[in-house]
Number of protein chains: 2
Amino acid sequence: MERQNTDIRQEQIKQAVLDIIYTDGLKNLSTRNLANRIGMSEGAIFRHFPTKQDIILSIIKDVQTDFIGQLRKIANSHMEPEVRLEKFVCETVNYLTKNKGITMLLFSEASHNNDVSMKSSLQQIFNNQKKLVSKIFLDGIAAGTWDESVPVESLAMLYMGIPVSLNIELILSGGEFHADNFCNRMMQLLLKILNK
Amino acid sequence: MERQNTDIRQEQIKQAVLDIIYTDGLKNLSTRNLANRIGMSEGAIFRHFPTKQDIILSIIKDVQTDFIGQLRKIANSHMEPEVRLEKFVCETVNYLTKNKGITMLLFSEASHNNDVSMKSSLQQIFNNQKKLVSKIFLDGIAAGTWDESVPVESLAMLYMGIPVSLNIELILSGGEFHADNFCNRMMQLLLKILNK
DNA sequence: TATCTTTGCAAGTAATTACTTACTTATATA
DNA sequence: TATATAAGTAAGTAATTACTTGCAAAGATA
């Protein structure tokens with residue numbers, strides 16, 4: 001195989017991990033399958049990552065910086081709460097549709113790993129999402145546009161189910177799925193809860 | 001180990017599978033761990049199930065008959081839609097809290113299995129839940145108690161996220177979690193969407 | 001009581017796993 | 001141009017996997 005530097009190969013490897021998880025499931029995520037999917041030897045993978053676990057950790061770090069970073073930007077912006085909420089939901093749907101293996105990776109593999117740094121990263125990802133969406137809810141309530149009797153904590157918890165129900169649809173529908181539609185439909189339901 | 005007949009052993013094995021998935025994760029669900037957890041030899045397991053896959057299939061069959069069966073009973077009963085919905089949600093929360101490994105098993109292991117009968121069982125479980133909860137929504141709308149402009153299909157999709165967000169809470173909270181509370185709080189949010 | 005089936009175990013099996021080793025070759029730098 | 005380093009491979013490794021085998025003994029049935 002043609003030579004490439006580590007930066008490019010690391011990206012390829014991480015992309016292949018998510019790809020395999022989505023198409024073949026976590027239990028088929030072996031270093032052999034990984035090498036075959038990219039078209040390189042098994043040994044070459046270990047030129048770019050010390051262990052398989054480190055690949056997973058690197059992906060989770062990406063989620064923290066790219067995905068959560070973007071959500072934080074949206075939640076803390078000075079747009080109207082309703083606009084922020086829409087961007088927040090659609091960004092989530094968009095990211096998870098583009099990186100289809102992420103949900104399953106976070107939910108099942110990482111959630112029961114003995115690795116301490118993995119587990120705390122996971123908790124941070126979930127808690128950050130909840131905190132940021134709650135901030136938008138609270139801002140809208142403080143601004144007087146949304147109902148102050150809304151149980152913000154519970155609604156944030158209900159919200160957290162959206163990415164997963166998206167994933168279930170993605171898997172069962174077999175790919176033919178329209179993200180825009182899904183995003184707007186979830187917004188409509190959230191607004192019915194939030195409006196006075 | 002003391003001799004027991006196959007019926008008892010099968011139940012023990014299935015219970016141990018769910019137990020391992022919840023406490024140690026799917027990737028630690030080996031026949032060796034399974035045997036150790038029960039206190040029997042690895043070989044003995046294969047006296048009661050032909051393959052490991054068959055254990056999983058049997059658990060999924062249980063979910064179909066026990067859990068979905070109970071939900072069907074509730075959805076088709078002649079109680080008020082609001083009462084049915086509450087029983088439906090609470091039964092779900094109750095079942096998944098008692099069988100803590102189920103959600104992860106359904107969602108991650110089974111969802112990407114090449115086994116055809118496994119995959120179709122899975123689809124049935126998800127579709128049945130959606131259909132049954134939709135029926136309750138539609139009955140309430142037909143009876144005039146709920147808003148006819150509610151997008152039933154979307155709400156059913158949002159509903160499907162509830163079991164999983166319950167599971168995330170269970171894992172991250174480390175066991176100290178009150179099902180009653182969760183169930184009632186989700187009901188409150190669903191009713192805000194459904195009411196006129 | 002005699003026999004047959006069921007349930008158990010210890011010690012295998014071949015296949016797969018993550019990862020290593022020894023060696024080659026391309027590329028950047030001195 | 002010479003040399004060091006980075007990136008590649010084929011062929012290993014020990015450990016683990018799901019499952020089997022051969023044999024013992026408990027329990028049911030005749």
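Each chain gets a letter, A, B and so on, in the order the sequences are listed, and its residues count up from 1. Fair warning: this is a prediction, and the values are worked out from it, not measured in the lab.
A/Lys52 and A/Leu29 get closest at one heavy-atom pair: NZ-O, 2.7 Å.
Nearest-nucleotide mapping onto DNA chain D: of B/Arg32 and A/Met40, the residue sitting toward the 5' end is A/Met40. Both A/Asn33 and B/Glu2 sit near DNA chain C, but only B/Glu2 has its closest nucleotide nearer the 5' end.
A donor-acceptor contact under 3.5 Å is formed by the side chain of A/Arg3 with the base of D/dA6. Judged by atom type and distance alone, A/Arg47 reaches the base of D/dG8 through a side-chain donor-acceptor pair under 3.5 Å. A donor and an acceptor atom sit less than 3.5 Å apart, one in the side chain of B/Glu42 and one in the base of D/dC19.
A heavy-atom distance below 4.5 Å is found between the side chains of A/Ile55 and A/Leu34.
In this structure, of C/dT20, D/dA6, D/dG8, it is C/dT20 that holds the atom nearest to the side chain of A/Phe46. Side-chain proximity of A/Thr51 to C/dC19, D/dT17, C/dG8: nearest is C/dC19. Here D/dG8 is the nucleotide among D/dG8, C/dA18, C/dC9 with the atom lying nearest to any side-chain atom of A/Gln4. Closest to the side chain of A/Met1, from the set C/dA18, D/dA18, D/dG8, is D/dG8.
When the P atom of C/dT6 is taken as reference, atom CD1 of B/Ile8 falls 16 Å away, rounded to whole Å. In this structure, CG of B/Asn5 is placed 16 Å from C1' of D/dT29, rounded to the nearest angstrom. Atom NZ in B/Lys27 sits roughly 14 Å away from atom P in D/dA18 (whole-Å rounding).
Dashed line: the shortest gap from a side-chain N or O of B/Ser41 to OP1 or OP2 of C/dA10 is not under 4.0 Å. Checking the phosphate oxygens (OP1, OP2) of D/dA7, a side-chain nitrogen or oxygen of A/Thr6 falls inside 4.0 Å. For B/Arg9 and C/dG8, the shortest distance from a side-chain N or O to OP1 or OP2 is below 4.0 Å. For D/dG8, the OP1/OP2 oxygens have a side-chain nitrogen or oxygen of A/His48 closer than 4.0 Å.
Under 4.0 Å is where a charged nitrogen must lie from a carboxylate oxygen, and between B/Asp24 and B/Arg37 at least one such pair does.
Once rounded to the nearest 0.5 Å, the distance linking CG of B/Asn33 with CG of B/Asp19 reads 11.5 Å.
Remark: B/Gln64 CD is packed, more than 12 non-hydrogen atoms of other residues, nucleotides or ligands lying under 6.0 Å away.
At a threshold of 4.0 angstrom between heavy atoms, the contacts of A/Thr31 include nucleobase atoms, whether or not backbone atoms are also involved.
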